Number of protein chains: 2
Amino acid sequence: MLSKKTKYALHALTYLGKHKDEKTVLIQDIAEEHGISHKFLENILLELKKAGMLGSKKGKGGGYYLIKEPKEIPLSRVIRLLDGPIALLPCVSLNYYEPCAECKNEAICGINRVMIQVRDETLKILENKTLEDILKEE
Amino acid sequence: MLSKKTKYALHALTYLGKHKDEKTVLIQDIAEEHGISHKFLENILLELKKAGMLGSKKGKGGGYYLIKEPKEIPLSRVIRLLDGPIALLPCVSLNYYEPCAECKNEAICGINRVMIQVRDETLKILENKTLEDILKEE
DNA sequence: ATAAACCCTATAAAATAAATAGGGTTTGTA
DNA sequence: TACAAACCCTATTTATTTTATAGGGTTTAT
């Protein structure tokens, strides 16, 4: 399951996508819309900004805005940023690889091999679904 | 990512699959092979037994054994049993449904709709990969 | 000047996962 | 028939991760 962080990030991105004709959107507006703590959401938006998905403007009249086209933001990107690996095991993660302690020899581990296949197929799904798909459904 | 419980369960099932010509296998043998605590593994094997995947024999000379063909044990089954939902959000889980607190109206939520699609495609993968696929790779 | 907004780091609280403990029950074998 | 080896069960503790809070600092439009 996705963490609340990721879930909130998706809500925030969706909100920003729906209001992209407005120049900026306030944290407070998104937080109120979804009943999220202002401060918690702030941390999430900062991460999205550092990752290059959002821009922001300081000072009175400032706020956040999308700096990418919704179709350029795949679910895989958001999930990896806030939740970490998409792979089901550390030993098959592309971005967060770690060996499995209980595995004597990864090279001959059937679980490892199958999980690589699962990872590749799952990635295909999550790379193809983007913020645009979410917006189209609203 | 899968919990250690699920990972250990997969290792245990694989071990049992590789030794299915022997009548029974001891917890201790599996635990030693993968450096898992005997007691922790015991709890996992009991769950697998309750779920109808394993049989066991008490008393001296007893142990655990597979009671299903490896191809009848899909990953989805093991994951759901030990880890819970396969869906990425509670509001799209088939087996562990719960509404999302921050969602005002699930019926018009684009995230919900897209996550239903992701769930269906992910399920296809995890239902098609079975213990047999793991055993074939070893 | 000032208020409204973003930015940053650290810490606390809550929830979950992982492991341990301690015994009970069953059953094959000597 | 005693005993040891194995499964069976429940509860508790420990560790880790997630979630949330706190408290301020910096920037900028008006």
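All of these numbers come straight from a predicted model, not from anything done at the bench. In the text below, chain A, chain B and the rest are named by the order of the sequence lines, each starting its count at 1.
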Between the base of C:dG22 and the side chain of B:K39, is there a donor-acceptor distance below 3.5 Å?
-> yes

Quick one: is D:dT21 close enough that its OP1 or OP2 comes under 4.0 Å of any side-chain N or O from A:S37?
-> yes

For the side chain of B:L46, counting heavy atoms from C-beta on, which of C:dC8, D:dC9, C:dA19 is nearest?
-> D:dC9

Answer yes or no: side-chain N or O of B:E42 and base N or O of D:dC8 forming a donor-acceptor pair under 3.5 Å.
-> yes

Just call it for A:L45: base, sugar-phosphate, or nothing, with non-hydrogen atoms closer than 4.0 Å on any strand.
-> nothing

Verify the ring-centre separation between A:H11 and A:Y15: is it less than 6.0 angstrom?
-> no

Taking atom C1' of C:dA12 as reference, at what distance in whole Å does atom CZ of A:F40 sit?
-> 14 Å

Please state how far atom NZ in A:K49 lies from atom C1' in C:dC8, giving the value in whole angstrom units.
-> 12 Å

Are the side chain of A:R80 and the backbone of A:N95 linked by a donor-acceptor contact shorter than 3.5 Å?
-> no

May I ask you to verify if any side-chain N or O of B:Y64 is less than 4.0 angstrom from the OP1 or OP2 atom of D:dC8?
-> yes

Counting just side-chain N and O atoms, does A:Y8 come under 4.0 Å of either OP1 or OP2 of D:dT18?
-> no

With the side chain of B:K4 defined as its heavy atoms from C-beta on, choose the nearest nucleotide among C:dT20, C:dA18, D:dT19.
-> C:dA18

Between atom CG in B:L82 and atom P in C:dA19, what is the gap in whole Å?
-> 13 Å

Can you tell me the distance, in whole Å, between the CD atom of B:Q28 and the P atom of D:dA4?
-> 18 Å

Closest-nucleotide ordering on DNA chain D, the 5'-leading residue of B:I27 and A:T6 = B:I27

Can you tell if the side chain of A:S93 reaches within under 4.5 Å of the side chain of A:E98, non-hydrogen atoms only?
-> no

Can you tell me if the side-chain N/O atoms of A:K58 get under 4.0 Å from OP1 or OP2 in D:dA29?
-> no

Quick one: B:K7 NZ to C:dA19 C1', roughly how many Å, whole number?
-> 15 Å

If only side-chain N and O atoms of B:S56 are considered, is one of them under 4.0 Å from the OP1 or OP2 phosphate oxygen of D:dC8?
-> yes

5'-most contact on DNA chain C: A:G63 or A:N43, nearest heavy atom basis?
-> A:G63

Interatomic spacing from CG in A:N112 to CD1 in B:I134 - rounded to 0.5 Å = 10.5 Å

Taking CD1 from B:I44 and P from D:dC7, how many angstroms apart are they, rounded to a whole number?
-> 14 Å

Is the shortest side-chain N/O distance from B:K57 to OP1 or OP2 of C:dG28 below 4.0 Å?
-> yes

Do A:Q117 and A:D120 come within less than 4.5 Å of each other through their side chains, counting heavy atoms only?
-> no

If you group Ile, Leu, Val, Met, Phe, Trp and Tyr by side-chain heavy-atom gaps below 4.5 Å, do A:I111 and B:F40 land in one group?
-> yes

Separation of atom NE2 in A:H38 from atom C1' in D:dA22, rounded to whole Å = 13 Å

Whole angstrom is fine here: how far is it from OH in A:Y65 over to P in C:dA5?
-> 16 Å

